[in-house]
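Just below is one structure, and these are the notes that go with it.
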Amino acid sequence: DVKVTQSSRYLVKRTGEKVFLECVQDMDHENMFWYRQDPGLGLRLIYFSYDVKMKEKGDIPEGYSVSREKKERFSLILESASTNQTSMYLCASRSKNEQYFGPGTRLTVT
Amino acid sequence: QQQVKQSPQSLIVQKGGISIINCAYENTAFDYFPWYQQFPGKGPALLIAIRPDVSEKKEGRFTISFNKSAKQFSLHIMDSQPGDSATYFCAASKRTDYKLSFGAGTTVTVRA
């Protein structure tokens, strides 16, 4: 079974803090993704990576950056967290058109 | 803007009834249309997918209907069960693309 794990289920941070969200997959997939999920808006793509050290902006990259130093790990970075970044963050890896999602990190920025 | 429009936002159905969720897309280059199912506290998981060379695909109680000329596709859940209560997302992409465009999601509640 494919397993995608995310470092935290719940996270509370203060405005202006630097936030790291970590994602690890165990299936040697080349492609990995970060989404945010908000009610009524579905899943919106923040960034994706098609290979190690390769990344591309998704639909809503502003305020975020990513890092992929190893194939199995894809990190999302909020350089200076703001209240409008309070959301559920989902990581996924991809194989043959199917995306496999982690359980999500619910981030609250106060 | 959202490339895939999904409706309704939520629906309630009695056990044994039929749940129907509709999606519409604009990009005629899309050629892969999956549906994802998400239970509370979990990430979405692939439920069923269709390519535009067929008009219908059935897996158990779940059926995708696809209308290429109308650029619409829908998910039918037959004989709905309480265990089907979840949020359902339609999505679309080009097979050659890495990215999926997701609909806004439909929360389905099946009452026993």
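We name chains A, B, ... by the order of the sequence lines, and we start the count at 1 in each one.
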Gap separating the CZ atom of Arg51(B) from the CG atom of Asn97(A), nearest 0.5 angstrom: 5.0 Å
Glu79(A), CD atom: more than 12 neighbouring heavy atoms under 6.0 Å: yes
Neighbour count above 12 (heavy atom, 6.0 Å) for Arg111(B) CZ: no
Among the clusters formed by ILVMFWY side chains lying less than 4.5 Å apart, do [X] and [Y] turn up in the same one?
X        : Y        : value
Phe48(A) : Leu76(A) : no
Leu11(B) : Ile64(B) : yes
Phe89(B) : Leu47(B) : no
Phe66(B) : Ile48(B) : yes
Trp34(A) : Leu45(A) : no

Region of Leu41(A) that comes under 4.5 Å of a non-hydrogen atom in chain B: backbone
Which atoms of Gln37(A) approach chain B - backbone, side chain, both or neither, heavy atom under 4.5 Å: side chain
Closest-packed option against chain A by number of heavy-atom pairs under 4.5 Å, given Lys99(B), Lys42(B), Gln9(B): Lys99(B)
Which of Gly105(B), Ala91(B), Ala49(B), Ala104(B) touches chain A most, by non-hydrogen pairs under 4.5 Å: Ala104(B)
Segment of Pro34(B) engaging chain A (4.5 angstrom heavy-atom cut-off): neither
Under 4.5 Å from a heavy atom of chain A, the part of Gln38(B) involved: side chain
Side-chain heavy atoms of Phe102(B) within contact of Arg44(A), under 4.5 Å: no
Arg9(A) side chain to Gly41(B) backbone, donor-acceptor under 3.5 Å: yes
Flag, side chain of Tyr100(A) to backbone of Leu46(B), donor-acceptor distance under 3.5 Å: no
Leu100(B) vs Glu98(A), side-chain contact (heavy atoms from CB on, under 4.5 Å): CA-CA, chis, key distance, verdict: CA-CA 10 Å; Leu100(B) 283 171; Glu98(A) 181 171 353; over 6 Å; no
Minimum heavy-atom distance Pro44(B)-Leu43(A), with the two atoms named: CG-CD2, 4.1 Å
